[in-house]
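Only one structure is covered here, and it is reproduced in the block below.
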2 protein chains.
Amino acid sequence: MGTSNWLDDNQQRTWRSWLDLHAQLNARINRQLQAATGLSLSDYAILVELTPEEAEGSLRMFELGERLQWEKSRVSKQVSRMEARNLVVRRHCADDRRGAFVDLTPEGRVAIEAAAPGHVELVRELFFAGLSDEQVRQLGDFAEGVLARLAATD
Amino acid sequence: MGTSNWLDDNQQRTWRSWLDLHAQLNARINRQLQAATGLSLSDYAILVELTPEEAEGSLRMFELGERLQWEKSRVSKQVSRMEARNLVVRRHCADDRRGAFVDLTPEGRVAIEAAAPGHVELVRELFFAGLSDEQVRQLGDFAEGVLARLAATD
DNA sequence: GGAGGGTTGTTGACATGGCAACCATCGACC
DNA sequence: GGTCGATGGTTGCCATGTCAACAACCCTCC
């Protein structure tokens, strides 16, 4: 238990706007993405994981789960939905017969490449506007600090 | 369209950890709250709005919606769920026969008062740990800045 | 005084996410 | 080579949130 048992006004204000910020920003980005490309943020997240060169358009389910920090059931359902829309395909894994790969389809690649510029633009415009490199770094440090504490307390 | 069409490494890292942070922190806080008190974050949010003195334990539906920036259907359903658990009650509004008040019940007040300390403690521990007043202020300014931009672009 | 447009709130259909139970398989160890 | 705990993945159930349609009511303006 800390010294004081409450948040001071400053913290209160920051916490409130922080919560608010997340809700608003998320909603806005989701809507933009949905309207412009038909993708949800979750679709986008999966596709982003599958595009880097080292992934070669293919990852195991559990790898997706680890990278995104998603529950395995969430990954499974998300992939099912995306498979139904031809954005990805499941492929059996020879080494481990329980396992499954998720492959990016050509349609999936087209979709992410079409979606990325507008999405990134919006993020830059709303989130990074007017921040100096130094401020961006501080924000990143802060976020990583909290994440570290989250991981530490498990 | 900005000069560059992508995020630099610094921004990339910050954006990633920001997204991650939110997902993790939210999940953690929700679990703690749920486990310790049986309340969800949404329950908590509603109760918090109803407790300040100026509210006197009673607000109109639409006021709740405005303060929390929630869709009206979300408010409606959330209140229904909470009413079923005796945390709040709906009350007819005499002035406007379409309207409804939401009143905090004694059970609701007990619940929020029991939940608050542990919740706040966790927030302080995870989020504010090690931040100076000045850093807290900067964080708040940043959040409010983004919110202002969100509001401005509507 | 009533027509029309904006509010307030509810509902239903649907998409999403968490949790727990489950199945199949793997791998280590005896 | 069989047993057992851990791992990878799917499924069902439930809670939550969005959107669109609706119903009831308010208010303004003619």
Side-chain angles (χ1 to χ4, degrees), chain A residues 19 22-35 38-46 58-85 87-103, chain B residues 19-20 22-35 37-46 58-85 87-103:
Chain A
L19 290 178
H22 179 58
Q24 307 293 329
L25 187 58
N26 223 55
R28 170 72 66 89
I29 289 180
N30 221 327
R31 265 199 300 276
Q32 186 272 342
L33 205 53
Q34 189 73 50
L39 296 176
S40 70
L41 259 176
S42 295
D43 296 331
Y44 191 89
I46 294 275
S58 183
L59 284 175
R60 287 288 296 273
M61 290 286 238
F62 77 94
E63 289 182 292
L64 282 170
E66 279 173 8
R67 299 192 189 204
L68 296 171
Q69 292 284 296
W70 285 7
E71 301 242 339
K72 51 190 184 170
S73 73
R74 184 177 176 187
V75 178
S76 181
K77 290 175 191 185
Q78 184 64 37
V79 166
S80 296
R81 285 188 295 257
M82 294 176 71
E83 202 172 16
R85 289 185 293 145
L87 296 169
V88 297
V89 203
R90 264 181 253 247
R91 181 165 48 82
H92 290 298
C93 173
D95 299 343
D96 185 338
R97 289 195 301 171
R98 296 165 299 182
F101 282 104
V102 182
D103 290 7
Chain B
L19 289 178
D20 213 24
H22 234 304
Q24 307 293 332
L25 187 57
N26 223 55
R28 170 69 67 88
I29 289 180
N30 220 327
R31 264 198 302 276
Q32 186 272 341
L33 204 53
Q34 189 72 49
T37 70
L39 296 176
S40 70
L41 259 176
S42 295
D43 296 331
Y44 191 89
I46 294 276
S58 182
L59 284 175
R60 287 287 297 273
M61 289 286 235
F62 77 95
E63 289 182 292
L64 282 171
E66 279 172 8
R67 299 192 189 204
L68 296 171
Q69 293 284 297
W70 285 6
E71 302 241 339
K72 52 193 183 169
S73 71
R74 183 177 176 187
V75 178
S76 180
K77 289 177 188 183
Q78 183 63 38
V79 167
S80 296
R81 285 188 295 257
M82 293 175 72
E83 201 172 15
R85 288 186 293 146
L87 297 169
V88 298
V89 203
R90 263 181 253 249
R91 181 165 48 84
H92 290 298
C93 172
D95 298 343
D96 185 338
R97 288 195 300 170
R98 297 165 298 183
F101 283 105
V102 182
D103 290 6

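Reminder, nothing fancy here: chain letters follow the sequence lines and each chain counts from 1.
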| remark: In whole angstroms, the gap separating P of C:dT8 from CD of B:Glu63 amounts to 10 Å
| request: Taking ring pair (Phe, Tyr, Trp, His ring centres under 6.0 Å) as the test, write out the residues that go with A:Tyr44, two or more places apart. | output: A:His119
| field | Spacing of B:Leu41 atom CG relative to C:dG17 atom P, expressed in whole Å | value | 17 Å
| task | Measure the distance from CE on A:Met61 to P on C:dA24 and round it to the nearest whole Å. | result | 17 Å
| So which heavy atom on A:Ser40 is nearest to which on A:Gln78, and how close? | OG-NE2, 4.4 Å
| said: Whole angstroms only, please: what is the CD-C1' distance between B:Gln24 and C:dG17? | reply: 14 Å
| Cut-off 3.5 Å, side chains only: do B:Ser42 and B:Arg81 have a donor facing an acceptor? | no
| task | State whether the side chain of B:Ser76 and the backbone N or O of B:Lys72 hold a donor-acceptor pair below 3.5 Å, judged by distance alone. | result | no
| task | Go through the structure and list residues passing salt bridge (charged side-chain N to carboxylate O under 4.0 Å, His left out) with B:Glu71, not counting sequence neighbours. | result | none
| said: Working to the nearest 0.5 angstrom, can you tell me the gap between A:Leu33 CG and A:Asp43 CG? | reply: 8.0 Å
| Distance in angstrom units between B:Glu71 CD and C:dC14 C1', rounded | 14 Å
| How many angstroms lie between CG in A:Leu87 and CD1 in A:Ile46, if you round to the nearest 0.5 Å? | 10.5 Å
| said: Can you tell me how far apart CD (A:Gln24) and CG (A:Leu19) are? Round to the nearest 0.5 Å. | reply: 11.0 Å
| query | By a strict heavy-atom criterion of less than 4.0 Å, which residues belonging to residues 73-81 of chain B are in contact with DNA chain C? | reply | B:Ser73, B:Ser76, B:Lys77
| remark: chain B vs DNA chain D, heavy-atom contacts under 4.0 Å, first-to-last nucleotide span, 5' to 3', is D:dT16 to D:dC26
| message | Heavy atoms within less than 4.0 Å of DNA chain D: which residues of residues 88-100 of chain A have one? Give them sorted by number. | response | A:Arg90, A:Arg98, A:Gly99, A:Ala100
| message | Could you measure the distance from the OG atom of B:Ser73 to the CH2 atom of B:Trp70? Nearest 0.5 Å is fine. | response | 11.0 Å
| message | If I take atom CG in residue A:Asp43 and atom C1' in nucleotide C:dG17, what distance separates them, rounded to the nearest angstrom? | response | 14 Å
For a quick test of your reading: what N or O donor-acceptor pairs under 3.5 Å do the side chains of residues 58-66 of chain B make, sequence neighbours left out?
from, atom 1, to, atom 2, distance (Å)
B:Ser58, OG, B:Arg91, NH2, 3.0
B:Ser58, OG, B:Asp103, OD1, 2.8
B:Glu63, OE1, B:Arg60, N, 2.9

| task | Give, for atom CD1 of B:Ile29 and atom CD of B:Gln34, the distance between the pair rounded to the nearest 0.5 Å. | result | 13.5 Å
